[in-house]
Amino acid sequence: MAMSRICLRNCNGIFSSSYSCSSSRSNSSNFECLDDAVTLFRKMGRVGLNSSSSFECLDDAVNLFDQMVRMKPLPSLVDFSKLFSNMISMKHYSAVLSLFREMLTMGIPVDEFILNIVINSYCLMHRADFGFSVLPIYLKNGFPFNTVTFNTLLRGIFAENKVKDAVELFKKLVREKICDPDEIMYATVMNGLSKRGHTQKALSLLRLMEQGNTQPDIYIYNIVIDALCKDGNLDAAINILNEMKQKGIHPDILTYNSLIDGLCKLGQWEKVKTLFSEMVNLNMYPDVHTFNILTDGLCKEGKVEDAEEVIKHMVEKGVEPNVITYNVIMDGYCLRGQLDRARRIFDILIDKGIEPDIFSYNILINGYCKKKKLTKAMQLFREISQKGSKPNIVTYNTILQGLFEVGRIGVAKQLFVEMVSTGPIPNLSIYHTLLDGYFKYGLVEEAMSLFNKLERKTENIDITTYNIIINGLCKNGELNKAHAIFQKLSSIGLLPDVRIYTTMITGFCLQGLLDEAKDMLRKMEGNNCLPDNVTYNVIVQGYLRCRKINEMVTFMKEMTGRGFSFDATTAELLVNAISENPSVVDMLPELHAEIKK
DNA sequence: CTAGGGTTAG
């Protein structure tokens with residue numbers, strides 16, 4: 001009953017659909033829910049909720065709200081805040097909004113806590129714009145804005161990837177002295193920036209902070225250090241580490257975990273050891289994250305046995321491996337093609353009473369797909385739903401790629417239909433998989449009709465989509481169509497990147513149109529898009545295939561001059577050309593060493 | 001009392 005009421009309340013709003021997505025419908029009867037709620041309510045007492053309380057289902061929360069609004073005198077706003085917070089932790093965002101509206105309608109006064117929760121609900125629904133529409137209510141009630149309000153909004157804007165808007169808002173707040181940014185606000189902005197690839201901007205904010213009243217704390221330093229580590233800029237990260245130490249701010253386990261992760265990814269194992277002993281000497285004990293980072297680093301280098309040793313070590317030290325530990329190991333075995341071992345690990349995980357999560361399944365499914373064992377992969381795929389979990393977008397993408405790889409196009413199409421009706425909303429990666437798959441099997445019409453549908457909404461597609469289309473058309477003998485699409489790119493505001501140029505050059509080479517390929521190479525340079533290793537290999541291969549050795553040599557010199565080298569295909573073609581006509585060698589004297597390789 | 005911040009896995 002409560003469910004339907006919420007839906008009714010929502011039908012004026014735009015959130016009814018989001019609501020039905022985020023709510024988990026309870027199977028228990030409303031009666032039971034009501035009883036639960038009443039019991040819960042009695043337990044909490046008239047004074048309000050216990051902060052640790054939670055509800056079985058949305059109905060409990062709504063019923064509790066109904067009880068609360070009927071009470072005389074009304075429970076305090078603290079109790080309403082607690083109720084709403086609980087609902088947010090259960091992801092019932094739109095239900096919070098409905099109940100909030102109901103409070104307003106009933107003339108129940110609200111406070112800034114409630115308003116901030118409401119703003120957060122909008123933000124968590126990725127509608128920060130509606131969050132702003134709550135601000136007038138502060139003014140109407142004479143509440144001053146506080147940093148929490150704007151932090152919530154900033155976080156919401158970042159969550160929608162609107163980096164510029166977030167930075168604008170932050171600047172406005174500071175410039176117009178609307179609120180004084182605290183450590184948390186700096187952390188919010190810096191985290192938003194660094195998680196979206198703007199490490200340098202985060203770093204300059206750190207410098208700005210150092211000059212102001214709010215001094216950076218451990219959180220701030222951890223954000224910046226982690227961002228630098230993720231960028232592989234370990235020197236800079238360690239410089240910041242030393243800076244913070246000098247200021248008397250002690251690095252914590254997160255600081256060390258970020259640094260160790262960065263060093264592992266660079267394969268700098270000696271430095272990893274140094275940092276590891278440094279943290280132990282500081283009485284900071286490595287936790288499950290630290291060990292997972294080490295395990296992952298080793299697995300990515302193919303050293304799964306060493307990773308297994310790390311696990312033995314952590315168990316000896318009393319740190320329990322978690323699902324991620326086993327996932328990392330499974331992925332390590334899958335990467336080496338040892339599917340059976342990965343499957344053992346999977347069984348061990350279950351034996352230990354650890355629930356495999358969607359990652360566990362995705363890793364194994366990916367392993368089976370790479371081995372073209374689609375039947376096994378599909379079995380696991382079905383098992384996810386049987387176990388009461390749900391395949392996510394990555395699961396679908398992995399399976400779809402696997403199905404196309406082995407040519408089971410019909411099943412792939414079926415699975416896509418199933419996804420549209422019951423699965424996650426397809427994203428660009430899914431469409432890329434479909435387009436790529438269609439082209440691979442010569443289904444140009446299908447690919448183009450899907451592309452035309454996608455193209456109607458320009459925000460649906462990106463430069464990679466065009467790369468797939470241009471590549472697919474070229475591979476299917478539709479060079480002219482490919483070129484036409486390439487030429488209209490700039491008119492729709494997309495700058496061709498090195499990959500697109502290379503695809504076009506590949507297309508020309510495929511048709512033996514070497515002059516056109518050469519023109520394209522010069523054109524890209526003119527457009528400030530430098531050819532890379534792949535571009536040069538493609539063009540050299542083009543000349544080699546047509547046995548135009550003189551021109552080939554020109555490009556060969558150019559590419560080696562720029563520090564690029566031949567890939568396996570180029571080398572093979574060159575060897576073939578030489579064996580056919582040994583005099584070719586004389587034309588490239590300076591490359592003897594290269595050829596021998 | 002109740003609202004906002006940092007780490008790991010495909």
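Keep in mind that what you see is a predicted model, and the values were worked out from it rather than measured. Proteins get letters first, then strands, A, B, ... in listed order; numbering begins at 1 in each.
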| field | Pair of N/O donor and acceptor under 3.5 Å linking B/dG5 base with A/D217 side chain | value | yes

| remark: Against the side chain of A/A187, the closest entry in B/dG5, B/dT8, B/dT7 is B/dG5

| query | Can you find a donor-acceptor N/O pair under 3.5 angstrom joining the side chain of A/D182 to the base of B/dG5? | reply | no

| query | Can you tell me how far CD of A/E112 sits from OG1 of A/T149, rounded to the nearest 0.5 angstrom? | reply | 8.0 Å

| task | Please state how far atom CG in A/L99 lies from atom C1' in B/dA3, giving the value in whole angstrom units. | result | 17 Å

| said: As a test of reading the structure: which of B/dA9, B/dA3, B/dC1 is closest to the side chain of A/V78, going by heavy atoms? | reply: B/dC1

| query | NA contact type, A/N146, heavy-atom cut-off 4.0 Å: base, sugar-phosphate, or nothing? | reply | base

| request: Kindly determine whether A/L99 and A/F80 satisfy side-chain contact (heavy atoms from CB on, under 4.5 Å), including the steps that lead there. | output: CA-CA 10 Å; A/L99 297 185; A/F80 283 101; over 6 Å; no

| query | Under 4.0 Å between a side-chain N/O of A/K230 and OP1 or OP2 of B/dT8, yes or no? | reply | yes

| field | Salt-bridge present (A/R344, A/D340; N to O < 4.0 Å) | value | no

| message | Between P on B/dT7 and CD1 on A/I220, what's the gap in Å once rounded to a whole number? | response | 12 Å

| query | Would one find a side-chain N or O of A/K300 under 4.0 angstrom from OP1 or OP2 of B/dT8? | reply | no

| field | A/Q215 (side chain) donor-acceptor with A/E210 (main chain) under 3.5 angstrom | value | yes

| said: By nearest atom, which of the nucleotides B/dT7, B/dA9, B/dG4 is closest to the A/R155 side chain? | reply: B/dG4

| said: Quick check: any donor-acceptor pair below 3.5 Å linking the side-chain of A/N151 to the base of B/dA3? | reply: no

| Under 4.0 angstrom, heavy atoms only, what part of the nucleic acid is A/D357 near: base, sugar-phosphate, or nothing? | base

| said: In whole Å, I'd like the distance from the CE atom of A/M185 to the P atom of B/dA3. | reply: 18 Å

| task | Measure from the ring center of A/Y361 to the ring center of A/F346 and say whether it is less than 6.0 Å. | result | yes

| said: On the nucleotide B/dT8, are OP1 or OP2 found under 4.0 Å from the side-chain N or O atoms that A/K265 carries? | reply: no

| field | Flag, side chain of A/D217 to backbone of A/I220, donor-acceptor distance under 3.5 Å | value | yes

| request: Output yes when at least one side-chain N/O atom of A/N191 is less than 4.0 Å from OP1 or OP2 of B/dG5, else no. | output: no

| query | When only distance counts, do a donor and an acceptor, one from the side chain of A/N222 and one from the base of B/dG5, lie under 3.5 Å apart? | reply | no

| field | Selected nucleotide, minimal atom distance to A/D226 side chain, candidates B/dT7, B/dG5, B/dA9 | value | B/dT7

| said: If you only use heavy atoms from C-beta on, which nucleotide in B/dA3, B/dA9, B/dT8 is closest to the side chain of A/N327? | reply: B/dA9

| So what does A/N257 hit on the nucleic acid, given a heavy-atom distance under 4.0 Å: a base, only sugar-phosphate, or nothing? | base

| message | For a quick check of understanding: with a heavy-atom distance under 4.0 Å over all strands, which category does A/D252 fall into, base, sugar-phosphate or nothing? | response | base

| With a 3.5 Å cut-off and just heavy-atom distances, do the side chain of A/T147 and the base of B/dG4 make a donor-acceptor pair? | yes

| Between P of B/dT8 and CG of A/L298, the distance in whole Å | 18 Å

